[in-house]
2 protein chains.
Amino acid sequence: MSGDCDHHCGGHHEGLPSCGAQKGTRGGVPEFAERLRKKSRRVTGARKSILDILSRQSHPITIRGIHDQLPKGDCDLATIYRSMHLLEGMGMVKRYEFGDGQARFELLREGDDGHHHHLVCTGCAVVVELHECGMGELEARMVLSHGFTRVTHKLEFFGLCPRCQGG
Amino acid sequence: MSGDCDHHCGGHHEGLPSCGAQKGTRGGVPEFAERLRKKSRRVTGARKSILDILSRQSHPITIRGIHDQLPKGDCDLATIYRSMHLLEGMGMVKRYEFGDGQARFELLREGDDGHHHHLVCTGCAVVVELHECGMGELEARMVLSHGFTRVTHKLEFFGLCPRCQGG
DNA sequence: CACAAGATGCAAATGATTTGCAATTAGCAT
DNA sequence: ATGCTAATTGCAAATCATTTGCATCTTGTG
């Protein structure tokens with residue numbers, strides 16, 4: 001199928017907005033292609049397109065969001081779902097859930113553990129990326145006090161952004 | 001030191017286990033009936049049963065979990081879904097999402113803001129309730145630095161409980 | 001260039017949650 | 001008690017996000 005990547009940020013969708021600001025600078029797609037090959041996974045047109053789209057997002061994007069940005073019927077929804085599982089399993093994307101029933105994904109660069117959180121506006125759904133998190137010690141305390149290991153956490157913030165504070 | 005988990009539910013249940021341990025002591029149902037009346041909502045048999053079941057849980061429970069605990073076909077699933085929306089809207093229950101696609105609910109006593117989090121075992125799904133959270137200042141900083149108001153957060157921890165650490 | 005392991009498209013299947021609608025019921029007035 | 005009306009419920013059908021079966025097509029390799 002096609003194989004080219006040439007999508008421009010498509011305007012506004014009602015879901016969570018994701019206008020603008022390229023995030024990853026250099027076209028990281030080849031970097032990911034390499035990672036795929038190393039695990040004997042194929043670098044297909046669909047995956048390239050998906051990675052390409054992911055690489056130009058500044059916020060987590062939904063499966064449907066990805067699909068909508070792909071030229072016409074370039075790639076089936078099922079394929080995107082399958083790809084996201086694969087990429088997630090390979091640690092190339094991270095899954096987020098903002099509580100609206102749809103999973104959202106963000107690309108993870110090599111060596112990036114992607115550990116950060118989001119501040120989501122409950123009014124317009126704008127997303128702000130947060131990079132501080134001081135959860136480390138709390139997590140550690142939990143390990144000790146409850147005997148759990150491999151403790152991770154999911155943390156997201158919700159509130160009203162300046163624009164939605166009407167009045 | 002200690003590695004005690006207060007739970008010891010076999011693991012037969014598929015979903016998240018909810019070992020007995022009554023939580024709210026006194027039958028709080030009448031308290032809730034009162035709250036319902038105050039908002040001109042009816043105290044129906046279905047609601048009483050649901051509140052009763054919720055009141056005897058020690059961890060968040062799913063809709064299906066509630067349904068399974070109701071005598072035979074005592075109350076329709078749709079009714080439980082509708083009730084949970086109502087109760088959530090009235091601040092009588094709090095919704096949690098542990099990432100497995102099903103919502104879970106916990107009853108909130110009068111004056112209880114229900115602010116706490118959970119430590120969920122990724123192996124057997126045992127749930128430990130956590131009551132510390134030190135997110136307050138982080139939240140406040142967020143308000144200031146991004147101009148958001150009414151900021152809240154969702155925070156859940158995941159890890160392997162002592163029993164599931166075998167191997 | 002042939003091949004087998006992988007991938008993909010399409011349609012049908014799941015699973016959780018919602019909704020339309022007619023039948024029932026709780027809470028208040030009579 | 002009895003009646004009345006709005007709130008509720010059961011049931012079935014509808015949504016929605018996500019999965020999966022399967023036949024067909026591709027990629028990476030020899």
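Below, chains carry the letters A, B, ... as their sequence lines are ordered, and counting in each starts from 1.
- Side-chain atoms of B/Thr79 do not come within 3.5 Å of backbone N or O of B/Cys75 as any donor-acceptor pair.
- With distances taken from any side-chain atom of A/Arg47 to the nucleotides C/dT8, D/dT18, D/dT9, the minimum falls on C/dT8.
- With rounding to whole Å, B/Glu34 atom CD is found 11 Å from C/dG27 atom P.
- Note on A/Thr44: every side-chain N or O is 4.0 Å or more away from OP1 and OP2 of C/dG6.
- Atoms CG (A/Leu86) and C1' (C/dA5) sit 14 Å apart, rounded to a whole Å.
- Put simply, B/Thr79 has a side-chain N or O that comes within less than 4.0 Å of OP1 or OP2 on D/dG10.
- OP1 and OP2 of D/dT18 both lie 4.0 Å or more from every side-chain N or O belonging to A/His85.
- A salt bridge is absent between A/Arg109 and A/Asp113: the closest approach of a Lys/Arg side-chain nitrogen to an acidic carboxylate oxygen does not fall below 4.0 angstrom.
- We find that CG of A/Leu51 is positioned 13 Å from P of C/dA7, with the value rounded to whole Å.
- What separates CD1 of A/Ile50 from P of C/dG9 is a distance of 9 Å, to the nearest Å.
- With distances taken from any side-chain atom of A/Arg37 to the nucleotides D/dG28, D/dT20, D/dG10, the minimum falls on D/dG28.
- No donor-acceptor distance shorter than 3.5 angstrom exists from the side chain of B/Glu139 to the backbone of A/Phe157, with no hydrogens or angles considered.
- Geometrically, B/Lys154 engages A/Phe158 in a cation-pi contact, judged by NZ or CZ lying under 6.0 Å from the ring centre and within 45° of the ring axis.
- Rounded to an integer number of Å, the gap from B/Asp100 CG to C/dT17 C1' is 14 Å.
- Residue A/Glu97 contributes atom CD, which lies 15 Å from atom P of C/dA16 at whole-angstrom precision.
- Using a 4.0 Å cut-off between a side-chain N of Lys or Arg and a carboxylate O of Asp or Glu, B/Glu88 and B/Arg95 qualify as a salt bridge.
- Under 3.5 Å, the side chain of A/Arg42 and the base of C/dA5 form at least one donor-acceptor pair of N or O atoms.
- With salt bridges taken as basic N to acidic carboxylate O contacts below 4.0 Å, one links A/Arg56 and A/Asp52.
- Between B/Lys38 and B/Glu34, no side-chain nitrogen of the basic residue sits less than 4.0 Å from a carboxylate oxygen of the acidic one, so the salt-bridge criterion is not met.
- For the pair A/Glu31 and A/Arg35, the salt-bridge criterion is met [side-chain N within less than 4.0 Å of a carboxylate O].
- Each of A/Ser83 and B/Gly45 lies near DNA chain C, and the nucleotide nearest A/Ser83 is the one positioned closer to the 5' end.
- Scanning all heavy atoms of the two residues, the minimum distance from B/His117 to B/Cys133 falls at NE2-SG, 3.4 Å.
- For D/dG28, the OP1/OP2 oxygens have no side-chain nitrogen or oxygen of A/Ser40 closer than 4.0 Å.
- An end-to-end axis angle of 30° holds for the helix from C/dC1-D/dG30 to C/dT30-D/dA1, taken from five base pairs per end and rounded to 10°.
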Please write out the pairs of protein N or O atoms and N or O atoms of nucleotides 11-15 of chain C separated by less than 3.5 Å, giving the distance to one decimal.
none

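- Ranking C/dA26, C/dG6, D/dT18 by closeness to the A/Tyr81 side chain, first place goes to D/dT18.
- Sorted by first and then second residue, the pairs that involve residues 118-144 of chain B and meet ring pair (Phe, Tyr, Trp, His ring centres under 6.0 Å), not counting sequence neighbours, are B/Tyr96-B/His118, B/Phe98-B/His118, B/His116-B/His118, B/His116-B/His131.
- A donor-acceptor contact under 3.5 Å is formed by the side chain of B/Arg82 with the base of D/dG10.
- When rounded to the nearest whole Å, the span between CD1 of B/Ile66 and P of C/dA16 equals 14 Å.
- The NE2-C1' distance, from B/His67 to D/dT9, rounds to 12 Å in whole Å.
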